[in-house]
Amino acid sequence: MTVVVKIGGARAVDPDGALSDVASLVEGGTQVVVVHGGSTAVDDTLEALGESPEYVETPSGVVGRFTDERTMEVFSMVLPGQLNTDLVVGLQNEGVDAVGLSGVDGGLLTGARKSAVRVLEDGKKKIRRGDHSGRIENVNSDLLETLLETGHTPVVTVPMLADDGVAVNTDADRAAAAVAGALSGDLVVLTDVPGVLADVDDESSVIDRVDSPPTYETLTAAAEGFMSRKVMAATEALENGATTATIASANTERPISEALDETN
Amino acid sequence: MTVVVKIGGARAVDPDGALSDVASLVEGGTQVVVVHGGSTAVDDTLEALGESPEYVETPSGVVGRFTDERTMEVFSMVLPGQLNTDLVVGLQNEGVDAVGLSGVDGGLLTGARKSAVRVLEDGKKKIRRGDHSGRIENVNSDLLETLLETGHTPVVTVPMLADDGVAVNTDADRAAAAVAGALSGDLVVLTDVPGVLADVDDESSVIDRVDSPPTYETLTAAAEGFMSRKVMAATEALENGATTATIASANTERPISEALDETN
Amino acid sequence: MAECIECGASVSLHDDVEAGEIIDCGTCGSELEVIETDPVTLDTAPELEEDWGE
Amino acid sequence: MAECIECGASVSLHDDVEAGEIIDCGTCGSELEVIETDPVTLDTAPELEEDWGE
Ligand SMILES: [Zn+2]
Ligand SMILES: [Zn+2]
């Protein structure tokens, strides 16, 4: 059994529960791949450097990050640098032989570069060029399998390697989905809410299981904002070969095991 | 044949010559491990963050970096983050299937933590505690060999993982020496001078070969400042099992191949 | 004024037109990107998927 | 004044003694580390290897 766990990158949103849960899963013979993001930490470091993260709005009203060259550099500092090192050390201290990888290592996560985006600025539609982002089309599962077979636990983060040979930003939830698909694994996306809520004001209204088109309709209708991206990632994982996909709260004692127990 | 190449971390002191030379060596069937440092880039980022690198002097007059917790965090940002990602992308663009690793990944570089140092401050001898540095005692050569055997080129950098479970700073030249020793490889330390000069003002006075105690005496007597650390690293590599150790200029077209040709 | 590169009709521009701006041709409806402003050069605006990063 | 923890002799201290400072005992020659300054507490100063980082 292979489990791909998406966790937050910053320790604050990634309590030790997740790391010790990874340790007990690995101890029990489960192969685990950890995937993490951490864009709020990137914004913190940009701010500490006296720079500002740039968010742009598309003509359809979606807000996203514009990643210029300097922001991309800070991304590499914070994600494969600071946060990945911190998580690998945390897992090593739990007895897990973790190995950190970004999407550029061994061409782990590759795909098309998207350097231009349509944005809405002061009511004008414009094309902004120079964005460092891309869409994952290929996962080098051989590298992951080599590491898993030799007893290691890969800890994967963005950037990915775009087809023009440049490291670019990509959504970490979707990176986790791509990895889960490539490994035919179980995807568990940990988040700071208990799951997708049918009623966003009622924490007890978690949609437990989706196993038919109507319940999937209910799910996608209920998922708002950042959660809709997580549902999209879960959907992509299943379309690409993942066995199961679960969105669950990180704030329990054994968040991954509990999510897997409920799924299976 | 396994070659361990120590290069600078910043592209400025690591011309593309070294990367394309790695590519042709790998193409020709040589197993290559790249090791890099980059402490000047750390100082640049500390400065951009409005902080200052701290250097302390020991009672014996040696000047070294004091790495507090925040500096260690910036180290992880710059070395495994920014510089390692940049080098891996550069090698991938040369057709080399590079995989970046820091010393914490898979417990690659482990050893004793040295958290206290003796320093000389305002003429007073003092003990400073909280330094994040350590001495490599063990190299996980299995992980490197697994990656080499599956066609990858490891790109290794500091920090190392200290015995108290903390990521700490260690000298990258000595990290390269430890790796070369563990793999019984040929160590090539690239630098921005042609090699060790018998007369520091005469670039033609390179000491070409050391193969007897008297010539080693000449070498250690001639090596000054940062170069004496490189000679110490080369010595450690040979003591720990490296086949050969060469200190050579990075500023030639095929710096690694040329160094190996002269050695063998 | 500039010429639509799709249908050849004149396209009216406001004064503060910027590079990167997307103008709709009033005649054929094509989306045109302002490549340069002095003089104004237009090209067909690329269709773009959105791929946001982390 | 403080007492050498190695030989028991009195060790004289200057006024602005700081934590971490190393004092040599004038009697037995031991190196003593100032652990605290108020009151002054001494311990044997550790021998330390130098291991600088990158
Ligand atoms: Zn037209
Ligand atoms: Zn005494």
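Each chain gets a letter, A, B and so on, in the order its sequence line appears, and its residues count up from 1.
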> Who among A/L143, A/N84, A/T153 has the most heavy-atom pairs with chain B under 4.5 Å?
Replying inline: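 Among the listed options, the one with the most contacts to chain B is A/L143.
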> Who wins among B/V74, B/V78, B/V88, B/V155 for the most heavy-atom pairs under 4.5 Å with chain A?
Replying inline: B/V88
> Out of B/S102, B/G81, B/A98, B/G151, which one racks up the most heavy-atom pairs below 4.5 Å with chain A?
Replying inline: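 The candidate making the most pairs under 4.5 Å is B/G81.
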Side chains of [X] and [Y]: does their closest heavy-atom pair fall under 4.5 Å?
X: A/V33; Y: A/L183; answer: yes
X: B/P80; Y: B/P159; answer: yes
X: B/Q82; Y: B/T45; answer: yes

>> If the contact rule is any heavy atom under 4.5 Å from chain A, which residues of residues 161-170 of chain B qualify, in numerical order?
In response: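 Those residues of residues 161-170 of chain B which have a heavy atom under 4.5 Å from chain A are B/L161, B/G165, B/A167.
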For a quick check under 3.5 Å, do [X] and [Y] share a side-chain donor-acceptor pair by atom type?
X: A/S257; Y: A/D21; result: yes
X: B/D43; Y: B/T40; result: no
X: B/E258; Y: B/T252; result: yes

>> Under a 4.0 Å threshold between the charged nitrogen and the carboxylate oxygen, would B/R128 count as salt-bridged to B/E54?
In response: yes
>> As an exercise, state the distance from OG1 of A/T150 to CD of B/E145, rounded to the nearest 0.5 Å.
In response: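 CD of B/E145 is found 12.0 Å from OG1 of A/T150.
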> Non-hydrogen atoms of chain B under 4.5 Å away: do they reach the side chain of A/L147, the backbone, both or neither?
Replying inline: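 The side chain, not the backbone.
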>> Need one label for B/L101: side chain, backbone, both or neither, based on atoms under 4.5 Å from any heavy atom in chain A.
In response: side chain
